[in-house]
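Single-structure report; data block below.
Since the structure is predicted, the reported quantities are computational estimates derived from the model, not experimental observations. Reminder, nothing fancy here: chain letters follow the sequence lines and each chain counts from 1.
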Amino acid sequence: MHWRNYFIPTTKETPKDATAASHVLMLRAGLVRQLAAGVYTYLPLGFRCLRKVERIVREEMDRAGAIELRMPCLTPLSLWDESGRSRTMTDVLLRLDGSVWDWAAGLVLGPTHEEIITELARAYLKSYKQLPINLYQIQLKFRGEARPKSGVLRTREFLMKDAYSFHDNKPSLDKEYDNMYAAYCRIFARSGLPYLAVEADTGAMGGDASHEFMVLTDAGEDRVALSESGDYAANLERATTAPPKPAPAGEGEAPAEPLRSPTEVHTPNAGRIDEVCPVLGLPPRQMIKTLIYAGTAGQADAGAKGPPPRKLRVVALVRGDHEINELKLNRAAGLTLELADPETIEALTGAKVGFAGPQGLIDRIDKLIIDREVAVLRNAASGANKTDYHVTGVNPGRDFPLAGDKVVMADIRTVAEGDPSPTGSGSPLHLRTAIEIGHVFKLGTKYSTALGAVYLDQNGKACPLIMGCYGIGLNRILAAAIEAHHDDAGIIWPMSIAPFEVLVLALDPRDEEVMRVATQIHDELAAAGIDVLFDDRDERAGFKFKDADLIGIPLRIVVGKKSLTAGGVEVTDRRTPADKQLKPVAAAIAHVTQHVRAELAKLAAAK
RNA sequence: CGGGGUGUAGCUCAGUCUGGCUUAGAGCGCUUGGUUCGGGACCAAGAGGUCGCAGGUUCGAAUCCUGUCACCCCGACCA
């Protein structure tokens with residue numbers, strides 16, 4: 001490809017709207033152009049990268065035995081009604097409003113395709129003999145993102161590979177899950193990403209295992225907890241820590257502090273932990289944070305028609321130095337909870353917000369959910385259920401129940417930096433920011449049940465299909481690769497997803513000999529199947545070098561009068577710009593050809 | 001959806017507070033000619049803007065007022 005005839009609109013200036021490194025570089029290198037919030041054109045260079053990623057994904061999915069198909073972007077709203085997600089995903093579903101054509105009101109742009117594939121399965125997958133099967137597509141998705149950000153990392157329109165597997169038994173799903181997990185490792189390794197698989201939350205759909213594939217970068221929007229020894233990695237939404245040691249009961253090494261009696265302390269206007277601790281002279285870890293939640297009974301997704309909803313009051317307890325994790329709380333409660341409003345709290349506790357405590361509440365609430373680290377506290381402090389008063393000498397089990405119908409003991413807090421790994425190693429956890437690039441998920445029968453997708457087993461019995469789903473964000477692979485591989489001058493592409501593998505740079509394009517040699521190198525490399533870009537523009541050297549660094553093509557061959565006089569051409573690796581190797585033309589061609597193939601093979605062999 | 005911010009040339013921005021010295025500017029980029037030519041050159045001459053949009057105030061509005069739209073950042077949200 002001759003640059004002169006190509007289209008690479010690079011810029012020297014940094015666009016003001018871009019903050020993430022990948023965003024800045026994608027704009028500057030002429031990979032993408034923003035058309036609207038969260039909507040991007042992929043310019044030729046960016047499109048080439050995207051196609052390379054797409055090819056890797058397709059090859060590895062095919063190799064893993066998945067079968068490609070293509071579902072529509074326009075999907076009937078009725079299917080989302082069937083699954084119940086037209087109600088639960090209202091913010092995400094882009095609905096056509098039907099103001100021009102009434103039929104359009106019945107359509108939504110697909111944000112994901114569980115419903116669509118399940119409809120397909122319902123129609124065709126009738127027998128256990130057809131199972132298992134894994135169907136996938138690479139297709140545009142549309143989501144009503146409230147706030148697109150960080151360039152291509154979070155958009156309203158994006159390219160996704162989504163695969164769905166169908167099974168007639170759990171072990172079969174487990175096997176395919178592992179198969180997909182391995183395929184994802186190959187895909188990300190081949191793409192040159194420093195990825196990480198972490199345990200993920202299974203969300204509102206419950207279900208079994210789920211892993212997310214992450215790339216660590218401050219531009220990401222997920223938090224992950226990683227143990228120092230590497231034996232544990234989980235999304236912060238789900239991460240847990242080693243359980244607390246049981247309360248010292250007087251035996252053992254340190255004699256237990258004697259249990260004190262509850263004592264009210266006047267703590268005017270000190271409703272927050274950081275306000276009340278100095279007054280009580282206690283550290284936050286001796287405090288019990290009492291949070292009042294409201295939930296609705298009988299609610300369920302998937303359009304279940306349960307008994308009429310009833311408001312439930314749920315009290316959650318965590319230690320004063322801990323943050324509650326509402327996902328964990330919801331799971332422990334078996335409900336979707338929301339923090340109660342001040343009126344509800346005051347009515348329940350008889351005190352203003354900030355002075356709630358667990359004592360004496362059990363008969364007036366529907367559920368008490370106690371973090372396991374609260375249960376082992378001794379002589380703790382909490383609100384007194386009396387405005388401007390706290391209580392010290394609060395003891396779990398004595399002053400509020402640790403067991404009973406309404407009591408749930410669970411891990412409901414967010415892990416913190418330095419907490420011990422739950423694996424037993426005790427290795428400290430570190431919290432990091434990351435971007436999610438892939439997700440594998442055991443769905444179970446949620447959608448097959450909701451949509452009535454059943455097969456007949458060997459006994460002729462109708463059973464819901466057991467499903468798994470597996471997604472990869474292709475645009476995010478590009479952005480994550482740039483986040484992981486760049487320097488001050490520009491992008492440093494991994495060979496496998498670089499728009500071109502080799503850049504031939506003719507420094508004196510008006511010199512016949514330079515052009516003859518450079519053209520020859522370009523042509524021979526192209527003939528050898530190398531993706532080669534030839535910078536034949538009549539520009540000054542510095543200008544072209546800056547562009548070359550910016551667009552980040554891994555290998556560069558510089559042809560100039562100077563190099564020819566010195567006996568050849570210069571070969572450099574984008575990663576090590578200082579290391580220039582002067583080689584005769586034929587040797588340079590052989591060298592980069594071999595280097596490209598070796599690099600691709602290395603990436604393909606990585607895990 | 002809450003809070004904050006920004007809309008002036010393809011890009012980065014000045015001018016807005018204090019309305020009139022601007023016939024709307026600068027740098028980058030673009031066009032033409034010339035000089036340069038191994039790390040984003042220089043000289044000269046050009047092209048390019050209904051100052052986001054709609055009302056209003058005023059003799060006069062990029063500038064003041066009202067409304068509206070778009071975009072960005074923080075938060076909420078994100079199976």
Under a 3.5 Å limit for both distances, which nucleotide forms a Watson-Crick or G-U wobble pair with [N], could you say?
{"N": "A14(B)", "value": "none"}
{"N": "A24(B)", "value": "none"}
{"N": "G19(B)", "value": "none"}
{"N": "C1(B)", "value": "G75(B)"}
{"N": "U31(B)", "value": "A45(B)"}
{"N": "C53(B)", "value": "G67(B)"}

Using the [atom1] atom on both, measure [N] against [M] and round to a whole Å.
{"N": "C13(B)", "M": "C51(B)", "atom1": "C1'", "answer": "13 Å"}
{"N": "G67(B)", "M": "C42(B)", "atom1": "P", "answer": "48 Å"}
{"N": "A47(B)", "M": "U31(B)", "atom1": "C1'", "answer": "7 Å"}
{"N": "G25(B)", "M": "G40(B)", "atom1": "C1'", "answer": "24 Å"}
{"N": "C69(B)", "M": "C21(B)", "atom1": "C1'", "answer": "34 Å"}
{"N": "G7(B)", "M": "A14(B)", "atom1": "P", "answer": "7 Å"}
{"N": "G49(B)", "M": "U58(B)", "atom1": "C1'", "answer": "25 Å"}
{"N": "C65(B)", "M": "C17(B)", "atom1": "C1'", "answer": "15 Å"}

If you check every side-chain atom of [X], which of [options] has the closest atom?
{"X": "Lys546(A)", "options": "G40(B), C77(B), U12(B)", "answer": "G40(B)"}
{"X": "Ser563(A)", "options": "C78(B), G38(B), A79(B)", "answer": "G38(B)"}
{"X": "Arg154(A)", "options": "A79(B), A76(B), C73(B)", "answer": "A76(B)"}
{"X": "Lys149(A)", "options": "C13(B), C73(B), A79(B)", "answer": "C73(B)"}
{"X": "Phe543(A)", "options": "A79(B), G38(B), G40(B)", "answer": "G40(B)"}

message: Between Asp91(A) and Lys562(A), which residue's closest nucleotide on RNA chain B lies nearer the 5′ terminus?
response: Lys562(A)
- prompt: Between Met160(A) and Thr11(A), who's closer to the 5' end of RNA chain B by nearest nucleotide?
  reply: Thr11(A)
With sugar-phosphate meaning primed atoms plus P, OP1 and OP2, does [X] contact a base, only sugar-phosphate, or nothing at under 4.0 Å between heavy atoms?
{"X": "Pro9(A)", "result": "nothing"}
{"X": "Thr14(A)", "result": "sugar-phosphate"}
{"X": "Ala37(A)", "result": "sugar-phosphate"}
{"X": "Arg556(A)", "result": "base"}
{"X": "Glu570(A)", "result": "base"}

field: Contacts of Tyr181(A) that satisfy ring pair (Phe, Tyr, Trp, His ring centres under 6.0 Å) - sequence neighbours left out
entry: His211(A), Phe213(A)
- prompt: Below 4.0 angstrom, N of the basic side chain to O of the carboxylate: do Glu114(A) and Lys446(A) qualify?
  reply: no
Ion pair Arg556(A)/Asp535(A), N-O distance below 4.0 Å: no
- request: Begin with the C-alpha distance, continue with both residues' side-chain angles, and end with the deciding distance and a verdict on side-chain contact (heavy atoms from CB on, under 4.5 Å) for Lys141(A) and Asp162(A).
  value: CA-CA 10 Å; Lys141(A) 302 288 191 225; Asp162(A) 48 324; 2.8 Å; yes
query: What is the minimum heavy-atom distance between Lys161(A) and Ala163(A), and which atoms define it?
result: NZ-CB, 3.6 Å
Closest approach of Ala200(A) to His439(A) (non-hydrogen atoms, all atoms of both residues): CB-NE2, 4.0 Å
task: Using only side-chain N and O atoms of Arg147(A), determine if any of them is under 4.0 Å from OP1 or OP2 of C73(B).
output: yes
- prompt: Do Ser165(A) and Glu176(A) meet the criterion of a side-chain donor-acceptor pair at a distance under 3.5 Å?
  reply: no
message: Hydrogens and angles aside, do Ser78(A) and Asp81(A) bring a side-chain donor and acceptor to less than 3.5 Å of each other?
response: no
When the distance from [atom1] of [X] to [atom2] of [N] is rounded to whole Å, what number comes out?
{"X": "His439(A)", "N": "A79(B)", "atom1": "NE2", "atom2": "C1'", "answer": "9 Å"}
{"X": "Leu550(A)", "N": "C11(B)", "atom1": "CG", "atom2": "C1'", "answer": "14 Å"}
{"X": "Leu503(A)", "N": "G38(B)", "atom1": "CG", "atom2": "C1'", "answer": "15 Å"}
{"X": "Glu145(A)", "N": "C77(B)", "atom1": "CD", "atom2": "C1'", "answer": "9 Å"}
{"X": "Asp222(A)", "N": "C78(B)", "atom1": "CG", "atom2": "P", "answer": "12 Å"}
{"X": "Phe7(A)", "N": "G10(B)", "atom1": "CZ", "atom2": "P", "answer": "15 Å"}
{"X": "Arg238(A)", "N": "C78(B)", "atom1": "CZ", "atom2": "P", "answer": "18 Å"}
{"X": "Arg87(A)", "N": "A79(B)", "atom1": "CZ", "atom2": "P", "answer": "17 Å"}

- line: When rounded to the nearest 0.5 Å, the distance separating CG of Leu120(A) from CG of Leu125(A) is 7.0 Å
statement: d(Ile557(A) CD1, Gln581(A) CD) to nearest 0.5 Å is 11.0 Å
Distances for protein N or O near nucleotides 34-37 of chain B N or O, under 3.5 Å:
residue : atom : partner   : partner atom : Å
U36(B)  : O2   : Arg540(A) : NH1          : 2.6
C37(B)  : N3   : Arg510(A) : NH2          : 2.9
C37(B)  : N4   : Arg510(A) : NH2          : 2.7

message: Once you measure the plane-to-plane angle for Tyr195(A) and Phe188(A), does it fall in the parallel (<30°), tilted (30-60°) or perpendicular (>60°) bin?
response: tilted
- prompt: For RNA chain B, which residues in residues 26-35 of chain A have a heavy atom at a distance below 4.0 Å?
  reply: Arg28(A), Gln34(A)
message: Using modelled atom types and a 3.5 Å cut-off, is there a donor and acceptor pairing between side-chain atoms of Lys328(A) and backbone atoms of Arg413(A)?
response: yes
Would you tabulate the pairs of protein nitrogen or oxygen atoms and nucleotide nitrogen or oxygen atoms of nucleotides 24-28 of chain B closer than 3.5 angstrom?
residue : atom : partner  : partner atom : Å
G27(B)  : N2   : Glu13(A) : OE2          : 2.6

task: Quick one: which residue pairs count as a side chain to side chain donor-acceptor pair (under 3.5 Å) with a foot in residues 14-25 of chain A, not counting sequence neighbours?
output: Ser22(A)-Glu483(A), His23(A)-Tyr40(A)
field: side chain to side chain donor-acceptor pair (under 3.5 Å) pairs, two or more places apart, involving residues 559-568 of chain A
entry: none
- prompt: Which one of Asp91(A), Leu94(A), Thr112(A) satisfies the side chain to side chain contact (heavy atoms under 4.5 Å, CB included) criterion with Arg143(A)?
  reply: Thr112(A)
